[in-house]
2 protein chains.
Amino acid sequence: MAKRVTLADLAEQTGLNISTISRALSRPDRVSSETRRLVEKVASQLGYATNIAARNLSRGTSDTILVLASSFKGQAISPVFTQLLLGVCEEAKSQGLNVMLQQCLEQTISARDIIRYLQTGVADSALLVAAEQWLPPTDSETGEKILPIVSIFKDLTAAGLTSVMTQETDGYTAIVDHLLARGHRQFAFVSGPEDIMHEQIRYRAVKQRLSAQGLDNALIRLKGGPFDMPSGQKAGQAFVALENRPSAVICCSDALALGFMHAVMESGLRVPQDVAIAGFDGMDYTAFTTPSLTTVIQPAVELGRVAVQLLGDLHNGKITVPRLVALAPTFMARQSTCPPCQD
Amino acid sequence: MAKRVTLADLAEQTGLNISTISRALSRPDRVSSETRRLVEKVASQLGYATNIAARNLSRGTSDTILVLASSFKGQAISPVFTQLLLGVCEEAKSQGLNVMLQQCLEQTISARDIIRYLQTGVADSALLVAAEQWLPPTDSETGEKILPIVSIFKDLTAAGLTSVMTQETDGYTAIVDHLLARGHRQFAFVSGPEDIMHEQIRYRAVKQRLSAQGLDNALIRLKGGPFDMPSGQKAGQAFVALENRPSAVICCSDALALGFMHAVMESGLRVPQDVAIAGFDGMDYTAFTTPSLTTVIQPAVELGRVAVQLLGDLHNGKITVPRLVALAPTFMARQSTCPPCQD
DNA sequence: CTGTTAGCGCGTTCAT
DNA sequence: ATGAACGCGCTAACAG
């Protein structure tokens, strides 16, 4: 690669002092317009690019966000993550920030590790994506300052982390209401990994809504395993073998739902005539399956944007106590729960 | 955050000199075993983490890889990218490298920009994902050294870039053969954006294979637009309206295929009985649609791994001229092309 | 508005 | 094996 052009080179070329060059480049208003133009010209001629390491070292910040994505071993990030990432990247870019991605297998993240990482200066704030648990810093590991860390998808405010997530209860409630309106009275809930705290919350959201509508023992729960299609398929096969099959199934993720639906249809049952199936997430392909899948669309891109903004608020002290931001999802009724005569 | 612990702090604590500490940490063998242990102990006690910016500045490298993902405006990275990313991250991690992700809208990447970027020291090598075109450095923008840049998914060796991709022709050939064996004699090819060079190659691969089997005017081409499902759907609607419909359709991406299949089935036609459809990519949900989709699985994770390895080879001079590495895909026959009686 | 000076924290010569 | 000193390239505080 071509030798690096430094401020010193520009200084030499222009006869100005290094610090003047530095200012002309980073604070153009603090410099006479001629020097500014001169510097800009020479800089572009020589192909100057500021050395970020040097700047970071000097300024003590890196202007980059660490995105820590918890995922299961060997699994790629899901389409929802991907959407989220889009939001994160876009917002970060608009703020002149960089994004560093790191996939990790742990479900529970320790403050110690993150702090350690931030201390390396590689990033100066972090986004925890789908982290199940947060081990707050012990004693003196942290100063009094709030950590510039935001949790996405999971409510970790109890552990002290500002969090952004989808208002999931609304989503599940919408599904239940929709299914009730279509006459369903027996339900199954296909959940993700059992050790995921949110799964309890989701299950309860469904159960309570049913109770509220006077249906008390109308819900059974099927283990789904990881949030992937094979798990959904297994759950579907188990479902098919059931003696008293509910007529409506709510899956806690679209991936599970698709696997489930596949298994159900393979068995010869019709969707939605024999079994109505709903998912959750809003992955794009749910609109193009046959039948298309009723689901709840998480505002993933927006979650990403907001998370980055919250990072900013944490940084400049606008936020002083852990805050939970819940974004509204969009319920989308589709064929998998709607008898053919309707939409 | 807690004040940063620096080498100076460790020096103070241990009574040793900073440079000794530095050595003890980065080159343990060049130091007496007692001091090594002492340093390690104190370091972990104080929670030392080396400042990467400082190290980078001093060493002149950053140990990070820039992943530049070309995508369409507002679109999240596709599941294939995601798999790729997994491979990249895993391999990078095993080599102690970081990964910096950047989504970009340009289809054609200019060496000038990348070089500029690398000069900032944020990254010292780059992976171009699905970059359509590469504008090599003009004249003196680069030294004689080979740029530490690898193209993924696209063959950019002609422009001077070492590239890793799927052996696509094999994949399309496999599809054609499979369909021919099932008795199909009229084909449609649904392509992606017209300005994508590979689309021509893919189309030709199909056409030639057909010719080779004695079928010369058996192929029509349908515009697909971007590689997404809505585009596939439109193509499918156009297809349905055709007078002489081919019985077999080859889509150049799974997303297109799913949109296409959806449109076809909506029209009342049956898949595969009336129309056989095949995709390309190997997205995970293709196994769970109804009917499941015949496709060609790209070795995406492996592509990522190899790309990172190639970066290493470029760096240490093992590779001196642009090289093309083509990985074999896996053809996967599924229901969308197989009459029910069969698998 | 511009030049001078002093670090940022680490790696790496040199000596010792 | 260890210590002293310098430099990586840039920013920031202080003068002028």
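Just the heavy atoms: all of them, side chains too, but no hydrogens, waters or symmetry mates, feed the values below.
In this structure, CD1 of B/I18 is placed 14 Å from P of D/dC6, rounded to the nearest angstrom. When the P atom of D/dT2 is taken as reference, atom CG of B/D29 falls 13 Å away, rounded to whole Å.
Residue A/T6 is classed as a sugar-phosphate contact, given heavy-atom separations below 4.0 Å to backbone atoms only. Using a 4.0 Å heavy-atom criterion, one finds that A/T35 contacts the sugar-phosphate atoms exclusively. Within the nucleic acid shown, A/S32 comes within 4.0 Å of sugar-phosphate atoms alone, with no base atom in reach, counting heavy atoms only.
A donor and an acceptor atom never sit less than 3.5 Å apart when one is taken from the side chain of A/T50 and the other from the base of D/dG9. Applying the 3.5 Å distance criterion, the base of C/dT4 shares a donor-acceptor pair with the side chain of A/S19.
Here the shortest heavy-atom pairing between B/A131 and B/I109 reads CB-CG1, 3.7 Å. When all heavy atoms of A/M197 and A/D155 are compared, the pair lying nearest together is CE-O, 4.3 Å.
Shown here is A/E40, whose CD atom has more than 12 heavy atoms of other residues, nucleotides or ligands within 6.0 Å.
Between B/R27 and B/A54, it is B/A54 whose nearest contact on DNA chain C lies nearer the 5' terminus.
Distance from the side chain of B/L7 is smallest for C/dG11 among the nucleotides D/dC10, C/dG11, D/dT2.
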